[in-house]
Structure formats: structure tokens, C-alpha cells
Amino acid sequence: MDAMRLIGATRTALAQARAVQDIVTEAWQSQALAGAIGSHLAVHGPFEARAAADGLSEAGTHASGTLRQTLRTGPARAAQLTEVRDHWSTLTGLCVLLGEVGIALVGVACSSDEDALYWQCIEAIDAADETSDRVRWLQRRLALREREGGAA
């Protein structure tokens, strides 16, 4: 499945999530998707952007692994990723998704009476921010490549 469809499905699921567990699950899904997109671009993306894509893969995979430890959930949607048709649109969509995840997690953290959940959300917010930084770095690498005459 194309990355943009998976991003759309994850954004929809996050928007519909009402329970704390569901919001945290969608945060995990988002990070797993970031890791998968990074991995895909590290192998199939432009050569000049592969190191940055590998960094995105590592950030997403690490964050999703941390969140996964506290969840009882099924497989990640990211396992369905087969292609990234438009690198720029995919990375832009992923950045928007990660921003929405951060906002949803702030809401959970602010309403939580449990210290453990509060700190889990704070760590997940930091992870979403770090992953967003990696996405923007990858976008800069792609923009530089395009300015230098390569096609993204």
C-alpha cells in the first residue's frame, strides 16, 4: 500500500480515537509508519537522501518500540507499506501526522491523573518532535538534491 494511504488511514484513526489507549496506540502506529517510510527511502530513495532516511527510520523505530512496550495491540499498519510514490508529499503528510499526534498526546498528558501515563505521553511527545525533525531534515536533503539538478 502507498505511504500516503497509510498516512491518511492513521490520521483518520487518530481523529476518531477517544480513549487514552486508542490515542497512545495511534501514536505508536504513527511512529511505526515513520520508521517504515524511512526504511523504504533508505533503500529505494535518492542516494543523496539515504543517510537522512536511515536516521528517520531509526527515530521512528526507536519511538514505536518504546510505545509498544506499554500497549496490547495488533500489527502495525506500517507493515502494509509497499511504496512511496511521491517523496515530498509523503514526508509533508508524515510531518502533519506527527504534529497531530503531538497535540493529541498533550491532551492526554494534561488530563491524566496518573504519573506513569503523564510521563509516557511526555516521552512520546518528545519522540514525535524528534521524528518530525528527522522528516524535515530529509526534506531539506531532497530539496538540495533537486536544486542541484537531480530528480526526487
Side-chain angles (χ1 to χ4, degrees), residues 1-45 49-84 86-144:
M1 183 181 296
D2 181 56
M4 288 301 292
R5 287 186 62 199
L6 290 168
I7 290 168
T10 305
R11 288 185 72 197
T12 298
L14 178 64
Q16 294 172 350
R18 298 291 175 250
V20 168
Q21 181 74 12
D22 295 337
I23 293 169
V24 174
T25 297
E26 292 312 318
W28 166 69
Q29 290 280 3
S30 299
Q31 291 290 359
L33 184 54
I37 290 170
S39 291
H40 184 85
L41 292 176
V43 173
H44 303 289
R50 289 185 180 177
D54 193 46
L56 172 59
S57 174
E58 288 174 14
T61 301
H62 174 74
S64 69
T66 301
L67 283 168
R68 176 74 187 228
Q69 292 174 2
T70 62
L71 298 173
R72 284 180 234 119
T73 187
R77 274 184 218 102
Q80 299 173 34
L81 179 69
T82 57
E83 63 185 320
V84 178
D86 181 342
H87 300 151
W88 192 262
S89 294
T90 296
L91 294 172
T92 300
L94 182 58
C95 213
V96 169
L97 172 62
L98 292 166
E100 291 171 353
V101 163
I103 291 167
L105 289 169
V106 166
V108 171
C110 289
S111 66
S112 176
D113 293 333
E114 298 176 38
D115 278 350
L117 177 60
Y118 172 83
W119 287 110
Q120 178 188 15
C121 288
I122 296 302
E123 289 175 11
I125 292 164
D126 287 345
D129 188 48
E130 169 68 20
T131 305
S132 293
D133 288 347
R134 299 290 181 119
V135 171
R136 286 188 288 278
W137 174 249
L138 181 51
Q139 285 179 310
R140 283 192 290 276
R141 298 297 307 155
L142 291 172
L144 179 62

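In this text, all values refer to a predicted model and were calculated from it rather than measured experimentally.
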In the structure I gave you, are the side-chain heavy atoms of [X] and [Y] within less than 4.5 Å of one another anywhere?
{"X": "L98", "Y": "Q31", "result": "yes"}
{"X": "E26", "Y": "R77", "result": "yes"}
{"X": "V84", "Y": "H44", "result": "no"}
{"X": "Q80", "Y": "L6", "result": "yes"}
{"X": "Q139", "Y": "T92", "result": "yes"}
{"X": "L91", "Y": "L56", "result": "yes"}

From [X] atom [atom1] to [Y] atom [atom2], the distance as rounded to the nearest 0.5 Å:
{"X": "E114", "Y": "Q120", "atom1": "CD", "atom2": "CD", "result": "9.5 Å"}
{"X": "E123", "Y": "I125", "atom1": "CD", "atom2": "CD1", "result": "10.5 Å"}
{"X": "R11", "Y": "L33", "atom1": "CZ", "atom2": "CG", "result": "12.0 Å"}
{"X": "D2", "Y": "L81", "atom1": "CG", "atom2": "CG", "result": "8.0 Å"}
{"X": "T10", "Y": "I7", "atom1": "OG1", "atom2": "CD1", "result": "8.0 Å"}
{"X": "C95", "Y": "D133", "atom1": "SG", "atom2": "CG", "result": "8.5 Å"}

Subject >> With sequence neighbours excluded, residues passing side-chain hydrogen bond (donor to acceptor under 3.5 Å, both in side chains) with R5 >> reply: none
Which heavy atom in [X] sits nearest to a heavy atom in [Y], and how many Å separate them?
{"X": "A78", "Y": "A32", "value": "CB-O, 3.5 Å"}
{"X": "L138", "Y": "A52", "value": "CD1-CB, 3.8 Å"}
{"X": "V101", "Y": "A27", "value": "CG1-CB, 3.7 Å"}
{"X": "A63", "Y": "A127", "value": "CB-CB, 3.5 Å"}
{"X": "A53", "Y": "A42", "value": "CB-N, 3.5 Å"}

Original post:
Donor-acceptor pair, S112 side chain versus V108 backbone, under 3.5 Å?
Top reply: no
**OP:** Output yes when a side-chain donor or acceptor of R50 lies under 3.5 Å from a complementary backbone atom of V43, and no otherwise.
**Re:** yes
Original post:
Among all residues two or more places apart in sequence or in another chain, which pass the salt bridge (Lys or Arg N to Asp or Glu O under 4.0 Å) test with R141?
Top reply: none
